[in-house]
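Notes to accompany the following structure.
One-based numbering, in listed order, for ligands and for the atoms of each.
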Amino acid sequence: MADLLIANARLPRNAGLSTVRIESGRIRDVTDQPERVAAGQALDAEGKLLTPALVEPHIHLDAVLTVGQPRHNLSGSLFEGIAIWGERVKSLSADDVHDRVAQVLRWQVANGVLFVRSHVDVCDPQLTALRAMLEVKREFADRIQLQLVAFPQQGIQSFPDGEALMRRAVELGADVVGGIPHFELTREYGEQSVKFAVALADEFGKQVDIHCDETDDEHSRFLEVLAAETIRLHMEGRVTASHTTAMHSYNNAYAGRLIVNLRRAGMQMVTNPLDNAVLQGRFDHYPIRRGHTRVKELLAAGVNVCLGHDSVMDPWYPLGKADPLQAAFTLAHYGQMSGYEEIRTLFDMITVNGARALGLPDYGLEPGCRANLVLFDAATESDAIRLMAPRRLVIRDGTIVARTEPARTVVNWEGRDEPVDFMPVPIKVRQPIG
Ligand code: FE2
């Protein structure tokens, strides 16, 4: 007897309907034909899209909901954002972090996000944010799975006792080692910081996730160092490069060679179109560069690329509601990924690609996988992104953990109330007469 039977579901990249049977919190089987099931025995997906739970591979939870504190980012630049955050962290407390993050974790579950990798600023001798986030991770473990990155926002070599703080953060329980080489005081410090981070992760058996070359400076080339260290220490598949916006400005010959080496290093890539759409190109005169990584070229070369939200209402990005669909919608435009297959790839980037980058076991729609699922109020990937479709159901280990009742919109049209759901009604094409 199934714990939950979902009939008439449309799975990603699948035109037909499927039935998903869940037992003991896991997917028992997926059958192609919609089953005839008696009312009340199954949950009828009504032909809507059912995907694995969404994965958020890159967010800064310790900074969420701090926009305007203590002041707004007037230039809109990355570096003014870092300066404002440097002021805000002085008033950081465990309760402050806990209460803001607890709100956004609720938003994420409501959006269907059940797996999150959060960077946490460790440029603080007390490690207040990290200690608070470790507590949050434990407190909410039965609702959302967190990976924490020891993230040196002010640099490793450029911040007093930076290396010791990173080591302490890993000893305290950080899952992943971070870095920010393009922000270090010198190029040499940047290289040193990458080598230190990869070696530290290797020593403790951790993963690596570096904020790498998040700048419009075509001379920022720490990604090649990260790839080389990954290969040298046999860390293939366990290392992530986030942002990598400078790749936009590299010459094609250099970028092409780099992408080959990223593939060889098994590098996991994260692009963050929401923040980088507003942060990059701030020092350009026209034409203003888009300044984001080469998503399509990386994917074409067989490199895993996933999609992050990065910020929710913080000094770098004042908008957002922790919904990966907003990031996917933005990348469809900003990364010119509006082709038929590309829209489906956007969905991979907020699900399976993110799961691969985070190394999540038992993830997906295959029999035996944990039943972590999202049912959208849209039939296709394209409509889900176009409409920012509500998540009708979010299911964690076979249990419904969030529900959304879609809004009902009515337009008064020629004296009558008529419902509008933004879905095209098939129109008969009139044949020309004669
Ligand atoms: Fe980031």
Side-chain angles (χ1 to χ4, degrees), residues 55-67 73 76-86 88-89 101 104 108 113 116-123 129-130 133 146-156 169 174-184 190 193-194 197 207-216 220 222-223 226 239-248 267-280 282 291-293 295 305-320 322 324 326-327 330-331 334 349-350 354 357-358:
V55 178
E56 175 52 74
H58 189 115
I59 192 168
H60 297 253
L61 284 174
D62 55 337
V64 294
L65 313 186
T66 60
V67 63
N73 185 338
S77 72
L78 171 70
F79 295 135
E80 186 175 344
I82 293 176
I84 294 170
W85 176 242
R88 178 59 174 81
V89 288
V101 175
V104 173
Q108 289 183 307
V113 177
V116 177
R117 175 179 283 179
S118 176
H119 294 254
V120 185
D121 186 3
V122 296
C123 288
L130 181 66
M133 286 301 301
L146 289 180
Q147 282 184 5
L148 302 180
V149 186
F151 172 54
Q153 178 73 76
Q154 312 289 339
I156 298 174
D175 306 288
V176 186
V177 180
I180 186 165
H182 54 278
F183 191 72
E184 298 281 358
S193 74
V194 169
Q207 297 186 71
V208 177
D209 192 333
I210 303 273
H211 278 62
C212 205
D213 304 316
E214 188 183 4
T215 165
D216 298 316
S220 184
F222 298 105
L223 188 49
L226 185 59
V239 177
T240 299
S242 288
H243 294 288
T244 64
T245 55
M247 198 186 282
H248 183 93
M267 192 68 70
Q268 316 284 354
M269 307 293 292
V270 182
T271 188
N272 296 292
L274 294 171
D275 280 55
N276 291 130
V278 298
L279 292 174
Q280 303 315 126
R282 287 279 176 168
H292 70 115
T293 200
V295 175
V305 187
C306 50
L307 189 40
H309 198 295
D310 205 15
S311 292
V312 179
M313 301 176 71
D314 69 13
W316 299 276
Y317 184 72
L319 308 172
Q326 288 194 337
T330 303
L331 189 62
Y334 182 60
M349 293 174 74
I350 57 174
L358 267 57

Discussion item. To make sure I understand the geometry: which N, O or S atom in His60 is closest to the Fe ion (ligand 1)?
Written reply: NE2
Fill in: Worked check of side chain to side chain donor-acceptor pair (under 3.5 Å) between Trp316 and Asp310
CA-CA 9 Å; Trp316 299 276; Asp310 205 15; over 6 Å; no
Item to complete: Can you label the angle between the His119 ring and the His58 ring as parallel, tilted or perpendicular, going by 30° and 60°?
Response: tilted
Worksheet item: So, is His243 placed with an N/O/S atom under 2.8 Å from the Fe ion (ligand 1), counting both backbone and side chain?
Response: yes
Item to complete: Taking all non-hydrogen atoms of both residues into account, name the closest pair between Leu279 and Leu78 and its distance.
Response: CD2-N, 3.6 Å
Fill in: Distance flag, aromatic centroids of Phe222 and His182, threshold under 6.0 Å
no
Practice prompt. Tell me, please, if Glu214 has any N/O/S atom, main chain or side chain, under 2.8 Å from the Fe ion (ligand 1)?
Written response: no
Worksheet entry | Minimum-distance N/O/S atom that His211 presents toward the Fe ion (ligand 1) | NE2
Worksheet item: If you check every N/O/S atom of Asp310, which is the one nearest the Fe ion (ligand 1)?
Response: OD1
Worksheet entry | Centroid-centroid distance, Phe183 to His211, less than 6.0 Å | no
Practice prompt. Could you tell me which N, O or S atom of His58 is nearest to the Fe ion (ligand 1)?
Written response: NE2
